[in-house]
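Just follow the structure's listing: the first ligand is 1, and inside any ligand the first atom is 1.
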Amino acid sequence: MNAARLVEARDLKRVFDVSQPWLSRVIDREPRRFLKAVDGVDFAVDRGETLGIVGESGSGKSTLARMVVGLLRPSAGQVLIDGVDLFAAGDPSTRRDVRRRMQMIFQDPYASLNPRWRVGAIVDEPIFAFGLMEGGSGAGARASNPHGITERTGELLRLVGLDPADARKYPHEFSGGQRQRIAIARALASNPDFIVCDEPTSALDVSIQAQILNLLRDLQEELGLSYVLITHNLAVVRFMATRVGVMYLGRFVEIARTDDLFARPRHPYTRVLLDAVPDLTMSGRARTPVGGEPPNPIDPPPGCPFNPRCAFAIERCRNEVPPFHDNVACHLAHDDPDWLARA
Ligand SMILES: Nc1ncnc2c1ncn2[C@@H]1O[C@H](COP(=O)(O)OP(=O)(O)OP(=O)(O)O)[C@@H](O)[C@H]1O
Ligand SMILES: [Mg+2]
């Protein structure tokens, strides 16, 4: 086993049944319909690194994220944390420990915090849920400490730049950026080594975004955390990510080190994404605007899923699904690794 490797996803898939209700299906003679939200994804995250994931709305980023932290069961495939399968039946204490080690931060700090709980109770709930306090876990420990204000709570609040006295307040007394800090403190409460951040700053003002991203970076350095960071914003991945994976219609089309991806995209979809942000690529090359809408994931096109929008598609792209090979899923890139730089 690779000692640097913390998380590994193997051929992960998630299918949703999006059929009409049974009766209307029978009346309209409609077949059942399935949507492949994540359709065979492999990746790994090493200790201390940040894997950025980008892709258009609906490409399956959040579905992937929820599977990777164990909130959503995959239809197929595996998630391994230090070699332990997250979804395999096993010893309950091993499973609990694996879950303790991974946390998630969501886009909307308003919705992800219980408005009726004091901040202290919100932040240290995972401490009780995972039985990390002296005095045991669960209801008993909670009853002996009803306000949920512990030394550890204060420590966590300080760690994210808040005041320990904030533990007595309610979420509505804070700004959006402060609320995201509370969510981060809560995520840190169980001493995780892996955090999935799904659009952690997209609901925040630009100036606040930078503060939260800096906080996440500082915490990473201080605590040795690994992140998966999902975002629409390429400037955010460039600032944060060690490597970047580009998703399209439930699959990765390219994974590369961040600098390489920005300097030399190998998949035409990656280049389209980079071209959509004028100040990031200063190559002086004529831009290829992205044409068309993403295809319907219930009824994806044959061949390469990107072919209807690709300026370079050849016959083969319309017939044959390109495998994800050598970190890219493109027939043209497989034939010639540098093709896109010259195209
Ligand atoms: N519970 C569900 N039932 C049915 N379809 C779903 C469900 N959850 C997600 N989907 C579908 O799966 C696909 C991927 O959704 P997902 O939320 O993972 O995309 P995303 O990349 O996170 O998008 P966004 O950038 O808008 O957050 C979409 O087509 C979505 O409609
Ligand atoms: Mg999402």
Query raised in the report: Can Arg251 be said to sit on top of Phe306's aromatic six-ring, NZ or CZ under 6.0 Å from centre and within 45° of the ring axis?
Result: no
Query raised in the report: If you look at every heavy atom in Lys61 and Ile230, which pair is closest and at what distance?
Result: O-CD1, 3.4 Å
Query raised in the report: Taking only protein atoms, how many N, O or S atoms are found under 2.8 Å from the Mg ion (ligand 2)?
Result: 1
Report summary line: Expected contact list for ligand 1 at under 4.0 angstrom, heavy-atom basis, is Phe16, Val18, Leu35, Ala37, Glu56, Ser57, Gly58, Ser59, Gly60, Lys61, Ser62, Thr63, His232, Pro297
Report task. Could you note down all residue pairs passing side-chain hydrogen bond (donor to acceptor under 3.5 Å, both in side chains) where residues 190-205 supplies at least one of them, sequence neighbours left out? Result -> Ser62-Asp198, Arg101-Asp193, Gln103-Ser190, Arg152-Asn191, Glu199-Ser202, Glu199-His232
Requested in this report: Quick one: closest heavy-atom pair of Ile195 and Ala187, and the distance?
Outcome: CD1-CB, 4.4 Å
Query - For Asp336, all residues meeting side-chain contact (heavy atoms from CB on, under 4.5 Å), sequence neighbours excluded - result: Asp338, Trp339, Arg342
Query - Option from Leu12, Val41, Val38, Asp11 for which side chain to side chain contact (heavy atoms under 4.5 Å, CB included) with Pro74 holds - result: Leu12
Query raised in the report: Arg186 side chain to Ile122 main-chain N or O, any donor-acceptor pair under 3.5 Å?
Result: yes
Query raised in the report: Looking only at heavy atoms, which two atoms of Cys310 and Pro268 are closest? And how far apart?
Result: SG-CG, 3.7 Å
Report task. For Arg217 and Phe239, indicate whether the former's side chain and the latter's backbone hold a donor-acceptor pair under 3.5 Å. Result -> yes
